[in-house]
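First the structure, in the form of structure tokens, and then the observations on it.
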Amino acid sequence: MKVRVRFAPSPTGGLHLGGVRTVLYNYLFARAHGGEFILRIEDTDQSRYVEGAEQYIMDCLRWCGLEPDESAEKGGPYAPYRQSERKQLYREYAEKLLESGHAYVAFDTTEDIEKMRKDQRIDEHTPAQYDHRTRGLMLNSLTLPTERVNELIASGTPYVVRIKMPENHTVKLTDMIRGEISFDSSLVDDKVLLKADGMPTYHLAVVVDDYLMKITHAFRGEEWLPSAPVHVLLWEYLGWKSHMPQWAHLPLILKPDGNGKLSKRDGDRLGFPVFAMNWTDPKTGETTKGFKEMGFLPQAFVNMLAMLGWNSGTEQEIFSLEELVKAFSIERVHKGGAKFDFEKAKWFNHQYIQHTDDAKLAELAKPYIEEELKSQPADSRLTTYDLRLVVSLIKDRCTLLPDFWSQGHFFFATPEIKEEAAIKDKWNDQKQQFFTNWLTEIQNLLDWTAIPIETNFTELLAKYGLKKGDVMLPLRVMLVGGKYGPGVFTIAEVIGKEETIKRIKRVLG
RNA sequence: GCCGCGUUGGUCAAUCGGCUAAGACGCCUCCCUUUCACGGAGGAAUGACGGGUUCGAUUCCCGUACGUGGUACCA
């Protein structure tokens, strides 16, 4: 049987890194088994519909290089891939369940249910659920005579279809990561399957669609584990038990400090992205930063995510997507949740920057440099340089793409002197004279490359009885503006004689 | 509260009964570098707790604690 897996997000906002990891594991599993990876949009909650979210999800997958084989956009043999467009389909199965007695119709209003929860409260903290203990107290096809039920339906009274969870039944399932798990059916509530607006809930839709789309393996977040018995029972009641996919419930990604699931707010609070790409809420206009825009390479992002909850059992940490396809196995996914570590994420990106060739890097860094150049004087230069050269000089100082500006700005624009003390402290006439004289010396220097420049510099130094250590840092600050960067004479070579002289003169006055 | 799942250094983690418990990130020290990085060499730092099973438990079992998820006409 052909392996078919799916990622089934609800298009309600930014794509969380946990979601991308779920996509990744699905993708790797499908590729490794010569199977298909499907993107199914779970938009059954009309009240949570968010404009643009679906397109955004696909953009994120494209950026990550994890594109589905079948989707609403691409189409495929099991279309439509948007649950809202499959609405009519689900009712048939709900009715099947009604007929077999595994589901019932309920007319209770939200207020009725709230009242029941309050009255039947189990203890002071926990309201009762709609289950085998309380359904007999409610307005449904179990308590009402059939004629009355038909009458209510005929008169247009809103109703939902609920699953009738059996009592004292142990529901078992085998999870590829966790092994055998069992639940007591008496403790699970009678979940709504079909809402009053005719849309299915996740519980019905996921089972029906996984069956119809011939999904063989279902990977999802651990937060779904508690409702898994409902899904298992549904597979059974619909008569599809032998087609049920193999489950794998993925561990959660936790916030770095404190406890709990990593949320968008944690990113804002701690200064790192949580979404794959920038997400702008169409209602508030508020933009949340993404890994892409913060300067991550998609390959680094994906590699980092792969290692968050999985490892190959070897010491290898850097994997290309192809290598991941070969090495990945769902059984080696960790059971426990992992706290997200942004420092480690940055390390991955640094590794990828070092291993990316200069031409490609130059291309990636260019937009960031161009953006910064907009606020620089017009004579600033980008086009006069081979960006590849600059990039090769500073890449090992760069962790994120914007670092190419902060580490290399002095190649493009005359820098502001930020470490004036490094020049002014211990400054004296001797140094003043030395630099003044050197300026005339280099006017005549024919070979403007790092080594001759340095030789010339060192030789003149001796005549003034100065030590190299006395003037190297001042020279650097004159050219760079701060105490960092590649070799000073290399910088002088790259920015050119004229610019070098200009920057030194500026300080000598 | 109840139910599920989990628990090896600060973080990610290896180990599938023999441990002097890998490796990586981060941190610290030193070397390299007349800057900052990169690189190199070192270092500190780990089995939640209590019972079993066993010649031997990090590893298997049971409790407890802690964490986390769920407990919606949200997914």
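Here is how names work: the chains are called A, B, and so on, in the same order as the sequence lines, proteins then strands, and each is numbered from 1. Predicted, not measured: the structure shown is a model, and the values here were computed from it.
As judged by a 4.0 angstrom heavy-atom cut-off over every strand, His249(A) is placed among residues making no nucleic acid contact. Nucleic acid contact class of Asp108(A) (heavy atoms, under 4.0 Å, all strands): base. In this structure, Thr12(A) reaches neither bases nor backbone, as no heavy-atom distance under 4.0 Å exists between it and the strands shown. Met307(A) comes within 4.0 angstrom of the backbone, heavy atoms only, and of no base.
Rounded to a whole Å, the NZ atom of Lys339(A) is 22 Å from the P atom of A24(B). A straight line from CZ of Arg121(A) to P of C2(B) spans 16 Å, rounded to a whole angstrom. Between the OH atom of Tyr130(A) and the P atom of U71(B) there is a distance of 18 Å, given to the nearest Å. Computed from coordinates, the Phe319(A) CZ to A13(B) P distance equals 14 Å when rounded to whole Å. When the P atom of C25(B) is taken as reference, atom CG of Asn349(A) falls 15 Å away, rounded to whole Å. Rounded to a whole Å, the NZ atom of Lys335(A) is 15 Å from the C1' atom of G4(B). Per the geometry, CD1 belonging to Ile181(A) stands 12 Å off C1' belonging to G69(B), to the nearest Å. Taking atom CZ of Arg220(A) as the reference point, atom P of C5(B) lies 15 Å away to the nearest angstrom.
Mapping Glu454(A) and Arg332(A) onto RNA chain B by nearest heavy atom places Arg332(A) closer to the 5' end of the strand.
Set against U71(B), A14(B), C2(B), the side chain of Leu187(A) has C2(B) as its closest nucleotide. Of the candidate nucleotides A72(B), C12(B), G1(B), C12(B) has the atom nearest to the side chain of Ala338(A). Distances were taken from every side-chain heavy atom of Gln129(A) (C-beta onward) to each of C12(B), A24(B), U71(B); the shortest belongs to U71(B). Among the nucleotides G1(B), G4(B), C25(B), the one closest to the side chain of Asp341(A) is C25(B). Closest to the Lys195(A) side chain, of the nucleotides A75(B), U71(B), A13(B), is A75(B). Which of G4(B), U15(B), A75(B) sits closest to the side chain of Leu225(A) comes down to G4(B).
Using C1' as the reference atom, A75(B) and C66(B) are 29 Å apart when rounded to the nearest Å. Atom name P, nucleotides G69(B) and G26(B): the rounded distance is 28 Å, in whole Å. Rounded to whole Å, the separation between the C1' atoms of G51(B) and A57(B) comes to 13 Å. Rounded to whole Å, the P atom of C60(B) lies 37 Å from the corresponding atom of C28(B). G63(B) and G23(B) are spaced 34 Å apart, taking the C1' atom of each and rounding to whole Å. A65(B) and A22(B) have their P atoms separated by 33 Å, given to the nearest Å. C49(B) sits 24 Å from C3(B) when the C1' atoms are compared, rounded to a whole Å. Straight-line distance between the C1' atoms of G9(B) and U71(B): roughly 35 Å, to the nearest whole Å.
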Under 3.5 Å, which N/O atoms of the protein pair with N/O atoms of nucleotides 44-47 of chain B?
none

Every protein N/O within reach of nucleotides 35-41 of chain B N/O, cut-off under 3.5 Å:
| from | atom 1 | to | atom 2 | distance (Å) |
| --- | --- | --- | --- | --- |
| U35(B) | O2' | Lys483(A) | O | 2.6 |
| U35(B) | N1 | Arg476(A) | NE | 3.3 |
| U35(B) | O2 | Arg476(A) | NE | 3.3 |
| U35(B) | O2 | Arg476(A) | NH1 | 3.1 |
| U35(B) | O2 | Tyr484(A) | N | 3.4 |
| U35(B) | O2 | Tyr484(A) | O | 3.4 |
| U35(B) | O2 | Gly485(A) | N | 3.3 |
| U35(B) | O2 | Gly485(A) | O | 3.3 |
| U35(B) | N3 | Arg476(A) | NH2 | 2.9 |
| U35(B) | N3 | Gly485(A) | O | 2.5 |
| U35(B) | O4 | Gly485(A) | O | 3.3 |
| C36(B) | O4' | Lys483(A) | O | 3.0 |
| C36(B) | O2 | Arg397(A) | NE | 2.3 |
| C36(B) | O2 | Arg397(A) | NH2 | 3.3 |
| C36(B) | N3 | Arg397(A) | NE | 3.4 |
| C36(B) | N3 | Arg397(A) | NH2 | 2.6 |
| A37(B) | O2' | Asp396(A) | O | 2.8 |
| A37(B) | N3 | Asp396(A) | OD1 | 3.1 |

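Within the structure, a side-chain polar atom (N or O) of Asn311(A) is placed less than 4.0 Å from OP1 or OP2 of A14(B). Taking side-chain N and O atoms only, His334(A) has a distance below 4.0 Å to OP1 or OP2 of A14(B). For A75(B), the OP1/OP2 oxygens have a side-chain nitrogen or oxygen of Thr44(A) closer than 4.0 Å. Between Lys261(A) and G70(B), a side-chain N or O to OP1/OP2 separation shorter than 4.0 Å is present. The shortest distance between the side-chain N/O atoms of Arg48(A) and the OP1/OP2 oxygens of A75(B) is not below 4.0 Å.
Glu499(A) and Thr414(A) form a side-chain donor-acceptor contact under 3.5 Å, judged by distance and modelled atom types alone.
Ring centers of Tyr368(A) and Phe404(A): at least 6.0 Å apart, outside the cut-off. For an aromatic pair to be called close, the ring centres must be under 6.0 Å apart, and Phe434(A) with Tyr464(A) satisfies this.
Note: Tyr25(A) and Phe328(A) have tilted aromatic rings, judged against thresholds of 30 and 60 degrees for the angle between ring planes. Ring planes of His231(A) and Trp224(A): tilted class, angle from 30 to 60°.
For Phe272(A), the ring-ring contact (aromatic ring centres under 6.0 Å, His included) partners are Phe340(A), Phe342(A), not counting sequence neighbours.
In this structure, A22(B) makes no Watson-Crick or G-U wobble pair, since no nucleotide meets both defining distances under 3.5 angstrom. With a cut-off of 3.5 Å on both pairing distances, A45(B) has no Watson-Crick or G-U wobble partner at all. Figure legend. C36(B) is base-paired to no nucleotide; pairs are counted as Watson-Crick or G-U wobble with both atom distances under 3.5 Å. Remark: G67(B) base-pairs with C5(B). Criterion, Watson-Crick or G-U wobble with two distances under 3.5 Å. The partner of U15(B) is absent, by the rule that a Watson-Crick or G-U pair needs both atom distances under 3.5 Å.
Side-chain atoms of Met138(A) and Met116(A), non-hydrogen and from C-beta on, do get closer than 4.5 Å to each other.
Ion pairing of Asp257(A) with Arg269(A) is present here, as a side-chain N (NZ or NE/NH1/NH2) and a carboxylate O approach within less than 4.0 Å. One finds no salt bridge joining Lys264(A) and Asp266(A) here, because no Lys/Arg side-chain nitrogen approaches an Asp/Glu carboxylate oxygen to under 4.0 Å.
Residue-environment remark: NZ (Lys395(A)) exceeds the threshold of 12 foreign heavy atoms within 6.0 Å.
Under a 3.5 Å cut-off, the side chain of Arg21(A) and the backbone N or O of Leu308(A) do form a donor-acceptor pair.
Remark: Arg397(A) fails to qualify as a cation-pi partner of Tyr484(A) under the 6.0 Å distance and 45° angle criteria applied to the six-membered ring.
Here the closest non-hydrogen pair linking Met176(A) and Ala248(A) is CE-CB, 4.0 Å.
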